[in-house]
Amino acid sequence: MPGGGQEPGSYYVGVDVGTGSVRAALVDQRGVLLAFADQPINQWEPQFNHHEQSSEDIWAACGVVTKKVVQGIDVNRIRGLGFDATCSLVVLDKQFRPLPVNHEGDSHRNIIMWLDHRAVSQVHRINETKHGVLQYVGGVMSVEMQAPKLLWLKENLRETCWDKAGHFFDLPDFLSWKATGVTARSLCSLVCKWTYSAEKGWDDSFWKLIGLEDFVADNYSKIGNQVLPPGASLGNGLTPEAARDLGLPAGIAVAASLIDAHAGGLGVIGADVRGHGLACEGQPVTSRLAVICGTSSCHMGISKDPIFVPGVWGPYFSAMVPGFWLNEGGQSVTGKLIDHVVRGHAAFPELQAKATARCQSVYAYLNSHLDLIKKARPVGFLTVDLHVWPDFHGNRSPLADLTLKGMFGTRLIIEALEAAGHSLSTLFLCGGLSKNPLFVQMHADITGMPVVLSQEVESVLVGAAILGACASGDFASVQEAMSRMSKVGKVVFPRLEDKRYYDKKYQVFLKLVEHQKEYAAIMKGD
């Protein structure tokens with residue numbers, strides 16, 4: 001809580017719905033996190049590559065965390081509420097009741113999660129059309145976007161879901177609707193995951209070509225025909241019913257939402273870097289690359305003019321920072337796969353016991369163990385003879401190939417962005433993995449760029465709160481709120497003496513890319 005003698009200020013609540021939990025924070029006008037709470041949410045995997053959640057379960061969890069973060073404070077000082085969430089697909093009927101997205105007919109499970117890969121056949125057919133909208137997703141649509149999932153529902157659950165559906169929401173938009181009763185969609189969700197154009201709107205020819213002409217016929221009412229920029233104030237603010245659910249005052253401003261990674265970008269990329277000896281201090285904000293490292297990694301670069309990068313999503317206009325074009329690279333389920341590898345190892349029970357005995361997390365224990373065995377050399381040198389291909393879940397970018405399993409990721413994405421016209425000098429990291437000092441130092445060493453960490457580790461929640469602050473009218477623009485509410489915590493510089501080693505490791509990784517393509521060509525041959 002703010003210290004004694006401080007002038008009472010305004011508060012904002014940020015809510016972040018991640019893959020495995022809902023988190024909330026109470027944030028002040030300086031971007032300081034005053035209270036935090038989290039609550040796990042359920043996931044179902046009824047069959048391989050099918051991942052589902054429940055919108056009712058998620059909304060209930062939102063209420064648990066918001067009530068916790070405002071305990072003991074004067075709620076009349078809360079000025080705004082902002083939501084971010086994973087880009088999962090929520091399906092409701094015409095009366096806004098949940099519909100099943102599964103063969104079991106369980107309507108409680110009415111969300112196809114972002115990481116669900118059931119629509120592989122559908123996305124292949126969409127990509128074969130080579131329609132013009134695909135140039136805005138790096139030339140190849142991802143199975144994690146909404147069009148293939150919608151097509152899967154039409155082809156596989158026609159009677160139980162598709163024909164009854166009244167509303168298809170991206171999860172961030174579902175949350176803002178639930179809070180305000182306003183069905184307007186955020187430009188962020190629709191532009192990034194639904195093929196909407198900020199300049200031209202929906203493209204009728206695309207939906208007709210892929211077999212979803214239903215949306216054109218009803219003027220896109222089911223997927224959104226009112227679109228607002230992130231941070232715009234929705235309707236009359238928080239409804240009395242939602243206020244009761246969340247434990248917040250009715251009528252407070254509620255913002256048009258963001259996808260979770262984009263909220264992280266908003267929470268870090270605008271920080272005032274003066275006095276830290278960084279090249280980006282005298283450069284435009286377009287020299288910064290935000291890297292949000294959670295369950296997946298997302299690489300957010302912005303530009304004043306549209307830049308088309310093969311295999312990288314975008315350019316999306318005003319999808320994160322108003323007035324700027326966004327390119328979004330990424331690596332699917334990065335954090336989840338590190339967890340999978342560690343937990344799947346035969347020595348994991350022993351590791352867990354040793355970490356518990358030291359009152360450490362398994363990753364803190366592993367990092368200290370690596371320090372012990374590396375002797376005089378940097379930790380990265382332990383892999384001098386070990387070259388691993390870590391993309392278990394397909395390569396999102398810049399290769400945009402579901403069949404490829406591995407990448408020396410961030411450096412390759414940076415090279416693709418720069419080859420297309422971006423000029424980058426500094427990484428801004430946030431998300432769960434940015435709490436791991438080894439992960440951060442390796443990013444600096446491998447890319448050769450300094451890494452800026454935020455003063456507030458929970459940058460995604462700061463980003464969500466920035467939305468609420470904008471909706472409240474307390475700041476003139478998103479850019480002003482970003483510069484006032486995001487602060488530099490620590491800067492990690494690359495160890496240049498190890499550059500030659502990492503350059504060689506990178507050459508090996510590029511060879512691994514080539515070899516994987518060669519192996520695939522051999523297996524496809526006669």
Side-chain angles (χ1 to χ4, degrees), residues 289 291 293 296-299 301 309-312 329-342 344-345 363 366-401 403-419 422 424-429 431 433-434 436-453 491-520:
L289 184 71
V291 185
C293 327
S296 278
S297 292
C298 297
H299 302 70
V309 186
V312 171
Q331 296 158 288
S332 284
V333 291
T334 326
K336 199 165 184 176
L337 288 172
I338 292 173
D339 224 29
H340 169 74
V341 170
V342 170
H345 196 280
Y363 293 106
L366 275 175
N367 286 355
S368 62
H369 183 67
L370 287 169
D371 268 341
L372 198 67
I373 63 173
K374 72 183 176 66
K375 299 176 181 162
R377 309 302 302 274
V379 170
F381 282 68
L382 291 170
T383 65
V384 66
D385 297 316
L386 180 66
H387 308 293
V388 179
W389 184 270
D391 267 346
F392 292 43
H393 207 51
N395 179 266
R396 186 188 294 174
S397 57
L399 304 177
D401 187 340
T403 65
L404 283 180
K405 311 287 184 186
M407 194 48 44
F408 214 42
T410 297
R411 180 163 167 177
L412 192 67
I413 290 167
I414 289 169
E415 288 192 358
L417 290 169
E418 292 196 315
H422 282 271
L424 303 166
S425 66
T426 313
L427 303 183
F428 285 69
L429 255 64
L433 286 171
S434 70
N436 186 322
L438 178 60
F439 183 87
V440 174
Q441 186 66 59
M442 295 296 276
H443 265 74
D445 292 348
I446 289 166
T447 63
M449 290 184 181
V451 174
V452 176
L453 300 175
V491 178
V492 176
F493 288 94
R495 292 180 295 220
L496 296 176
E497 63 271 22
D498 302 332
K499 182 179 184 302
R500 177 87 184 104
Y501 172 76
Y502 288 113
D503 285 348
K504 289 192 284 190
K505 285 286 289 185
Y506 185 56
Q507 292 308 309
V508 172
F509 271 83
L510 293 179
K511 284 287 182 193
L512 288 173
V513 178
E514 283 177 41
H515 292 165
Q516 288 293 320
K517 290 178 176 175
E518 288 169 13
Y519 304 153

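Computed from a predicted structure; not experimentally measured.
Contacts classified as salt bridge (charged side-chain N to carboxylate O under 4.0 Å, His left out) and involving residues 436-449 (residues at least two apart or in different chains) are given here: D445-R495.
Expressed to the nearest 0.5 Å, how far CG of L412 lies from CD of E415 amounts to 6.5 Å. Once rounded to the nearest 0.5 Å, the distance linking CE of M442 with OG1 of T410 reads 11.5 Å. The distance from atom CG of L496 to atom OH of Y502, rounded to the nearest 0.5 Å, is 12.0 Å.
For the residue pair V312 and G329, the shortest heavy atom distance occurs at CG1-N, 3.8 Å. The two residues L433 and F439 make their nearest non-hydrogen contact at O-CD2, 3.4 Å. In terms of heavy-atom proximity, P494 sits nearest to A444 at CB-O, 3.2 Å. Listed here is the closest heavy atom pair of L424 and M449: O-CE, 3.4 Å. Here the shortest heavy-atom pairing between V440 and S434 reads CG2-O, 3.3 Å. Taking every heavy atom of both residues into account, A416 and V309 meet most closely at O-CG1, 3.4 Å.
With E518 contributing its side chain and V513 its backbone, the two residues share no donor-acceptor pair below 3.5 Å. T447 places a side-chain N or O within donor-acceptor distance of the main-chain N or O of H443, the cut-off being under 3.5 Å.
Counting heavy atoms from C-beta on, the side chains of V291 and V451 never come closer than 4.5 Å. The shortest distance between side-chain heavy atoms of F509 and R411 does not fall below 4.5 Å. Side-chain contact between L429 and V452 is absent, with no heavy atoms from C-beta onward closer than 4.5 Å.
Among residues two or more places apart in sequence or in another chain, the salt bridge (Lys or Arg N to Asp or Glu O under 4.0 Å) test is passed with E418 by none. Under the ring pair (Phe, Tyr, Trp, His ring centres under 6.0 Å) criterion, Y506 pairs with F408, sequence neighbours left out.
Among the candidates T426, I413, L417, the single residue satisfying the side chain to side chain contact (heavy atoms under 4.5 Å, CB included) test with L289 is L417.
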